[in-house]
> 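Quick one: the structure is below, and I'll ask about it shortly.
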Amino acid sequence: MVFTYAPLVPLPARITATAGSLALSQVRIIGDADAVAALRTGLALRTASRLPESTDSDAVEITLSLVGQGTQDAYTLDTRGDGIRIYGHDAAGLFYGTRTLLQLLQETPDGWTVPRVLIDDAPRFAYRGVMLDLARHFFPVAEIEAYVDRASALKFNHLHLHLTDDQGWRIQIDSWPLLTERASIGDAGPCTGGFLSKDDYRHVVEYAAARHMTVVPEVDLPGHTHAVGVAYPELVEQPWLSETAVAEAAALGQDLPVHGEHFAGWAVGHSSLRIHEERTYEFVTDVLNELAEMTPGPYLHIGGDECLGTPAADFTEFIARATRIAAATGKTPVTWHEAGAVADIAAGTVGQYWGSVTPKGAHAEEAAHFVARGGALIMSASDRTYLDMKPSEDFPLGQSWAGIVPLQTAYDWDPASVVPGVPESAILGIEAPLWTETVDSYADLEALVLPRLLAHAETAWSPQAARDWDSFRARVALAG
Ligand code: TNX
């Protein structure tokens, strides 16, 4: 069915549309207090406060009820009667019902209306993530929260914060204070850097939780650690410079990394923690313990990508130990898929796949190993979900190493068909990362993220069989 009369994204699992629409000149909102508050805030934004609440008898009643029926995140929305009813299986489901209602609400010459529909909805995947790289460009709390508003309105439920990389360390760690004192200054470009204090982080976690998003913190180890060496030089090896890195830096007119000094270039794979020093594991243990303590969500992401200068045997030793240190905090470790090359990775570790939709080299095998060890996969195919890939050749922001990714390319893939031999049940969901080498402001972020974030929302939520490019394109056009 091509369902175009309202800009519903992601497309619900089941819609029964009947004729006509329900007119609303004023509303009365009753039911679950959190959902009532969330709908009130949403309505004020959606209508610029032009749809008043009232207790008059002609106000349309909107009832928000937690009923505990259905599956996780499921809800039913019914606009066929005199009032509007939303039933949530859980608090998240009820919240998603309110987001759908906000999308259904249309302003016509005769006032606000919603179409007469029965929507019975639940997500395809439990994990629907966005990632923000705070290391290459730092975003203050208010901007992270603006992104949470944007993503949660599209039913994303995980916010992965890439908190550390070669160019900066962005999270307060009390036991290693120089990390933020010395290594949070500057970024991968002209901006001044910054970091989240523990209070800031708590604020983001709470703000996200109120919108049913779980924060997944990442400290990238053992590579992508040049900034650690700015604070504690004894923990990090001298930069390892491949010919490619040297040639690329020259082509971009960027500096090469110098041990112990701030690095503002884009080269990757040149830094490594010192694998054979016990002090390294004291550092990893302290950092992961503090991070686990301030994180209510179940995941701790420890990176593991692009360790080009770390010898394979050292990488193996580090990942086997670090995933166990992460697991000992009580959290589930997450790593990028390269760590799946490590036979003895801690059981249950979740892998984040960032290869292409047609896997190259050993990527598929590495990803499948997480599942063989009792873990699962988050799919972030870089030629589909990487929001920092240019949407067109001439787009001023972004990179293109994984390809040019226009909206249709971003939309057209099935996360369950990428890694052979892995059943859909072992795929937690998808995540759309925004790496920020070329991003200097929130306006840049929005320019790269929109409208492709809508495509990823639909891939994460809607049944594969119901997904249709023509329908999606028409709905995105209506969303403006
Ligand atoms: C690859 S994909 C990276 C990042 C870069 C990004 C730029 C992955 C796990 N790592 O370090 O920022 O490319 O597109």
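Order of listing sets the numbers, starting from 1, for every ligand and every atom in it. Worth knowing before you read on, the calculation uses all heavy atoms, side chains too, and leaves out hydrogens, waters and symmetry mates.
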> Hey, would you say the His270 and Phe263 ring centroids sit under 6.0 Å apart?
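Distance test on ring centres: under 6.0 Å, yes.
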> Do the side chains of Leu161 and Glu218 get nearer than 4.5 Å, heavy atoms only?
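Glu218 does not reach Leu161 side chain to side chain.
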> Closer than 4.0 Å to some heavy atom of Gln399 - which atoms of ligand 1 meet that?
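Ligand 1 atoms under the 4.0 Å threshold to Gln399: 7 (C), 14 (O).
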> How does Trp266 reach ligand 1, if at all, at less than 4.0 Å between non-hydrogen atoms: by side chain, backbone, both, or neither?
neither
> Please check whether Asp133 reaches ligand 1 - meaning an N/O of the residue sits under 3.5 Å from an N/O of the ligand, judged on distance alone.
no
> For ligand 1, which atoms have a heavy atom of Asp388 less than 4.0 angstrom away?
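Per the distance check, 7 (C), 14 (O).
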> Please state whether Gln352 comes within less than 4.0 angstrom of ligand 1, counting heavy atoms only.
no
> Which protein non-hydrogen atom lies closest to atom 9 (C) of ligand 1, naming both residue and atom, and how far is it?
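For atom 9 (C) of ligand 1, the nearest protein heavy atom is Asp305 OD2, 3.0 Å.
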> Looking at non-hydrogen atoms alone, which of Tyr386, Trp401, Trp435 comes nearest to atom 2 (S) of ligand 1?
Tyr386
> For Asp344, is there an ion pair with Arg321 - N to carboxylate O distance below 4.0 angstrom?
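Here Arg321 does not pair with Asp344 in a salt bridge, since their nearest N and O are not under 4.0 Å apart.
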> Return the residue, atom name and 0.1 Å-rounded distance of the protein heavy atom closest to atom 3 (C) of ligand 1.
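Minimum-distance protein heavy atom for atom 3 (C) of ligand 1 reads Glu306 OE1, 3.4 Å.
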> Any sub-3.5 Å donor-acceptor pair from Glu458's side-chain atoms to Leu11's backbone N or O?
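It does hold such a pair.
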> Of all the atoms in ligand 1, which lie at a distance below 4.0 Å from a heavy atom belonging to Trp336?
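With Trp336 as reference, the close atoms of ligand 1 come out as 9 (C).
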> If you have a sec, work out which protein heavy atom is nearest atom 11 (O) of ligand 1 and how many Å separate them, to one decimal?
Arg136 NH2, 3.0 Å
> Is the number of heavy atoms from other residues, nucleotides or ligands within 6.0 Å of CG (Asp412) greater than 12?
yes
> Inspect the contact between Arg128 and Asp73 and indicate whether a charged nitrogen and a carboxylate oxygen are less than 4.0 angstrom apart.
yes
> Is the shortest distance from a Lys or Arg side-chain nitrogen in Asp174 or Lys198 to a carboxylate oxygen in the other one below 4.0 Å?
yes
> What are the atoms of ligand 1, with element, lying closer than 4.0 Å to any heavy atom of Met389?
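Every atom of ligand 1 under 4.0 Å from some heavy atom of Met389: 14 (O).
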> On the six-membered ring of Tyr411, is Arg467 placed so that its NZ or CZ lies under 6.0 angstrom from the centre and within 45° of the ring axis?
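Positive - Arg467 is close enough to the ring of Tyr411 and near enough to its axis.
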> How far is atom 12 (O) of ligand 1 from its nearest protein heavy atom, and which residue and atom name does that atom have?
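Protein heavy atom at minimum distance: Glu437 OE2, 2.6 Å.
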